[in-house]
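These values consider heavy atoms only, across backbone and side chains, with no hydrogens, waters or symmetry-generated copies.
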Amino acid sequence: MTELLKISLPDGSVREMEPGSTPGDVAAAIGPGLAKAAIAARVDGELRDINRPFEGDAELALVTNRDEEDALELARHDFAHVLAEAVQSLYPGTQITFGPATDDGFYYDVKAPADREPFSMDDLPDIEEEMRRIIKADKPLRREVWSRQQLIDKWEAEGEVFKAEWAKELPENEELTVYWSGEDWLDMCRGPHLASTGKLDPQAFKLTRVAGAYWRGDQNNPQLTRIYGTGWLNKKQLNAHLTRLEEAAKRDHRKLGREMDLFHLQEEAHGSVFWHPKGYRIWRELEAYMRRKMDKAGYREIKTPQLMDVRQWEQSGHWGKYAENMFAVPDMVPEVEELGDGPANPSVATDADWMAIKPMNCPAHVLVFKQGITSYRDLPIRLGEMGCCHRNEPHGALHGLMRVRQFTQDDAHIFCTEDQVVEEVKAFIELADQVYRDFGFTYDVKLALRPEKRFGSDEDWDKAEQELRDAVAVSDMQGEGDGKLEELPGEGAFYAPKLEWHLTDAIGRTWQVGTIQGDRVLPDRLDASYVGEDGEKHRPVMLHRAIFGSYERFIGILIEHFAGRLPVWLAPVQAVVATIVSDADDYAKEAVAKLEAAGIRVESDLRNEKINYKVREHSHAKVPHLLVVGNREAEEGTVAIRTLGEKEQRVMSLDEAIAMLKAEATPPDLREG
RNA sequence: GCUGCUGUAGCUCAGUGGUAGAGCGCACCCUUGGUAAGGGUGAGGCCGGGAGUUCAAUCCUCCCCAGCAGCACCA
């Protein structure tokens with residue numbers, strides 16, 4: 001007789017099970033309720049099929065829909081399989097490739113048969129219907145171990161060239177598995193899966209879009225059709241998610257930017273922003289705020305040239321790596337052909353010298369540092385610049401304010417000795433923490449490590465990476481997310497590892513904004529040095545850093561985070577004084593004058609319109625405070641304040657109102673206490 | 001840059017092989033009304049750009065440009 005398996009459960013109890021039994025059997029042994037609810041299992045911590053037999057003694061935790069993270073992951077992965085099966089069932093000859101779960105659902109990359117157009121949005125309803133049919137058929141999902149050769153033979157026999165290619169690269173020594181859906185369809189998959197398609201809720205998913213995607217993510221490979229879906233455990237969750245998407249769409253900074261008259265974009269300067277008075281007001285407030293923070297933190301602001309000789313960029317290494325994304329201009333007086341009013345067509349001399357518009361500020365800052373002779377006594381030197389840069393981004397990458405071709409960074413470079421690095425990084429971490437908290441953001445910090453293509457010695461990279469870790473360890477960060485420093489191998493810049501700050505906005509999306517990078521490459525390439533205590537020349541370490549990242553992007557994030565309802569200190573118009581009747585015009589003008597004198601950005605609305613109309617219009621314009629005045633207020637020297645987002649009005653004296661607005665309009669760094 | 005979709009009034013969008021329409025906004029008139037749309041009148045468009053098919057193109061075809069959704073990229 002074979003020995004029984006000892007299965008330990010989370011409550012500490014141990015059950016003895018026959019060899020060959022499964023987590024499902026354990027659930028059944030515990031009780032019928034659990035047997036029904038259990039959808040998968042964690043066996044020794046690994047998420048597994050409910051019906052996959054134990055291989056020995058094990059620790060078991062049964063997974064039910066209450067373990068939402070696991071349950072969602074399983075369901076989404078299953079939805080992806082059902083999607084692939086549905087597509088092949090409807091359109092024989094379709095090749096399948098790969099289809100994982102995503103943050104909110106799943107996708108599957110497929111290649112339409114040669115005799116058919118790629119799949120489009122119009123195909124989605126049919127595919128959804130077929131998916132529902134497969135779910136309702138409640139097909140068992142059965143795991144089976146295959147050899148690599150079996151897999152290759154199967155895919156080659158069926159003309160699945162992508163799958164075959166993939167199978168050939170699978171490791172020899174690992175257990176390879178397929179999952180059957182019923183008896184007529186299977187996919188190569190590591191699993192785990194639910195026990196059958198019927199465990200999915202047919203009302204809990206929706207196919208959302210189709211898009212192109214490259215085979216294995218490489219743009220040199222064939223392009224496939226990626227079919228996206230969102231998938232959940234039940235219809236309620238799905239609807240909640242669809243509502244969230246609508247919310248996000250309402251917050252879109254491109255839409256709000258137009259509605260609030262902040263900025264616009266147009267073809268003739270695509271990827272560059274036309275800031276309108278109200279939008280630029282936000283910019284100016286941010287810039288003034290950042291200048292105060294940097295001045296106090298010991299930075300000195302500079303301004304460097306927009307155009308530099310291309311040779312300078314060759315020396316820094318940027319030309320070699322990023323030339324195609326840089327704007328170059330010939331350094332010459334153009335000979336304009338005699339075309340009268342015809343199209344502009346200046347000819348460029350073939351021997352022209354080329355200049356490039358700066359895509360970044362670093363080399364120029366090194367050049368400032370290199371002027372004169374620097375002593376170790378002068379270090380650290382912190383050079384800041386509101387640096388306007390241009391990058392010729394791939395056109396498909398442009399996106400409102402978030403990805404533009406012209407942007408301004410709150411940039412600075414800190415030149416310091418080896419010994420000062422950790423301290424300087426720590427100071428920066430704490431500065432960034434203050435700034436993000438002033439805007440009400442929470443954030444995560446990540447460490448991007450050395451990329452494959454890089455400059456500099458491994459020794460220097462070891463040092464630079466460790467310095468950043470050390471600085472995080474000793475820093476006081478109050479706004480930090482989960483407290484863990486996530487490391488991202490291969491994601492660093494070609495000259496330095498990066499700490500990255502990822503903000504989380506009001507609806508849970510994350511955005512990378514701030515960074516600090518410990519660079520030993522550029523100082524070397526551009527021959528920057530200081531004189532040490534020993535009288536010898538030494539290389540300084542150069543820390544690249546930014547907190548907003550770019551003004552454009554940061555403003556875009558702020559707009560979406562606050563859904564346009566910016567804090568009073570940032571609001572382009574902080575208050576509007578609106579009259580109910582024209583008899584109150586003089587009093588309204590007096591109120592506006594007093595508010596202006598108190599430094600409030602205020603406008604008056606004396607138009608011959610009903611108060612309802614004015615309330616509606618200024619609410620849409622996201623003006624924080626509407627000060628309503630009629631005959632009553634004019635007589636009593638009061639205002640009726642209606643605050644954005646509130647239904648009730650508050651009546652107070654004009655002086656009280658001014659004091660309140662003044663307090664709210666004070667930037668966070670200038671508030672007392 | 002790649003795939004798909006889109007481009008008509010300031011904005012949001014209808015529409016047709018015979019050179020266009022709505023709502024909002026804007027201007028003017030009436031209305032002075034107490035907290036999210038008072039009424040009337042009017043102006044406003046080379047239907048993204050170029051080429052082709054056609055007696056005739058905003059509409060069909062091709063090329064370009066830009067935007068959108070992904071992908072790839074992001075110093």
Side-chain angles (χ1 to χ4, degrees), chain A residues 107 109 112 117-122 208-228 252 254-255 258-259 261 264-271 313 316-326 358-363 389 391-400 402-405 407 409 451 453-455 491-496 498 512 515 517 519 521-522 544 549-550 553 578-585 606-620 626-633 640-642 644 646-649 651:
Chain A
Y107 66 79
D109 287 348
E117 299 281 302
F119 299 109
S120 72
M121 292 293 282
D122 299 336
T208 49
R209 56 183 179 263
V210 293
Y214 300 106
W215 168 236
R216 307 184 140 202
D218 184 335
Q219 62 174 322
N220 299 313
N221 287 340
Q223 195 157 26
L224 311 166
T225 304
R226 178 168 296 178
I227 302 176
Y228 279 96
D252 191 308
R254 294 165 299 185
K255 179 172 173 282
R258 196 169 40 240
E259 286 172 8
D261 193 20
H264 85 270
L265 296 156
Q266 67 181 61
E267 266 192 55
E268 289 74 6
H270 71 276
W313 297 106
S316 69
H318 292 98
W319 186 258
K321 211 157 159 53
Y322 295 109
E324 61 189 19
N325 295 319
M326 289 170 66
K358 67 175 171 185
M360 51 171 6
N361 308 298
C362 344
C389 298
R391 294 179 187 173
N392 199 353
E393 302 283 6
H395 289 190
L398 300 176
H399 181 94
M402 302 304 194
R403 190 84 179 267
V404 286
R405 303 208 297 176
F407 55 92
Q409 298 174 311
K453 286 185 188 163
R454 59 181 181 262
F455 292 152
E491 304 261 311
F494 71 87
Y495 51 80
K498 307 192 273 190
Q512 198 216 305
T515 181
Q517 312 165 2
D519 178 11
V521 172
L522 262 191
H544 307 244
S550 87
R553 225 170 103 79
T579 51
I580 294 169
V581 291
S582 51
D583 286 347
D585 284 3
L606 310 181
R607 291 174 305 170
N608 174 14
E609 294 291 351
K610 291 199 168 183
I611 193 61
N612 292 11
Y613 183 88
K614 295 185 183 183
V615 166
R616 179 181 154 84
E617 190 173 287
H618 298 301
S619 298
H620 279 308
L626 185 62
L627 279 51
V628 177
V629 297
N631 285 325
R632 201 185 305 150
E633 288 76 13
I641 297 193
R642 181 171 166 134
L644 189 61
E646 289 173 20
K647 290 245 157 62
E648 297 297 310
Q649 56 164 335
V651 179

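Just one residue in the list A:Lys321, A:Gln517, A:His318 forms a side chain to side chain donor-acceptor pair (under 3.5 Å) with A:Tyr495, and that residue is A:Gln517. Each of A:Ile641, A:Ile580, A:Thr579 was compared with A:Val628 under the side chain to side chain contact (heavy atoms under 4.5 Å, CB included) criterion, and only A:Ile580 meets it.
With sequence neighbours left out, the side chain to side chain donor-acceptor pair (under 3.5 Å) criterion links A:Asp585 to no other residue. For A:Arg454, the salt bridge (charged side-chain N to carboxylate O under 4.0 Å, His left out) partners at least two apart in sequence or on another chain are A:Asp458.
A distance of about 12 Å separates the C1' atoms of B:rG23 and B:rA9, rounded to the whole Å. Rounded to the nearest Å, the gap between the C1' atom of B:rC46 and that of B:rC59 is 16 Å. Nucleotides B:rG50 and B:rC71, compared at atom C1', are 30 Å apart to the nearest Å. Taking the P atoms as reference points, B:rC2 lies 46 Å from B:rA43, given to the whole Å. With both ends at atom C1', the span from B:rA69 to B:rA37 equals 34 Å, rounded to whole Å. Rounded to whole Å, the separation between the P atoms of B:rG33 and B:rA20 comes to 45 Å. Look at the C1' atom in both B:rC55 and B:rG49: the space between them is 25 Å, to the nearest Å. For B:rG48 and B:rA57, the P atoms lie 15 Å apart once the distance is rounded to whole Å.
A distance of 7.0 Å separates CE in A:Met360 from CH2 in A:Trp313, rounded to the nearest 0.5 Å. Here NE2 of A:His620 is found 11.5 Å from NE2 of A:His618. Values are rounded to the nearest 0.5 Å. Interatomic distance, CZ of A:Arg553 versus NE2 of A:His399, reported as 10.0 Å (0.5 Å rounding). Atom OG of A:Ser619 and atom CG of A:Leu644 lie 6.0 Å apart (nearest 0.5 Å). Distance check, rounded to the nearest 0.5 Å: CD of A:Glu648 to CZ of A:Arg642 gives 9.0 Å.
Relative orientation of the A:Tyr322 and A:Phe494 rings is tilted, given thresholds of 30° and 60° on the angle between their planes.
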key: Footprint string (nucleotides 67-75 of chain B, 5' to 3'): B base within contact, S backbone only, - free, heavy atoms under 4.0 Å   = SSSBBBBBB
remark   = Per-nucleotide protein contact along nucleotides 32-40 of chain B, 5' to 3', at a 4.0 Å heavy-atom cut-off (B base, S sugar-phosphate only, - neither), is BBBBBBS--
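As a whole-Å value, the separation of A:Glu268 CD from B:rG48 P is 14 Å.
Looking only at distances, a side-chain donor or acceptor of A:Arg391 sits under 3.5 Å from a matching main-chain atom of A:Pro359. Within the 3.5 Å criterion, the main-chain N or O of A:Leu626 finds no donor-acceptor partner in the side chain of A:Lys614.
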task = Using a 3.5 Å limit on both pairing distances, list the dot-bracket string of RNA chain B from the 5' end; Watson-Crick and G-U wobble pairs count, crossing pairs take [ ], interstrand pairs take |.
result = (((((((..((((....[..)))).(((((.......))))).....(((((..]....))))))))))))....
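Electrostatic pairing of A:Arg216 and A:Asp218 does not count as a salt bridge here, judged by no charged N lying under 4.0 Å from a carboxylate O.
Across all their heavy atoms, A:Thr208 and A:Met121 have their closest contact at O-CE, 3.4 Å.
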Could you list the protein-to-nucleotides 5-10 of chain B atom pairs, N/O on both sides, closer than 3.5 Å?
none

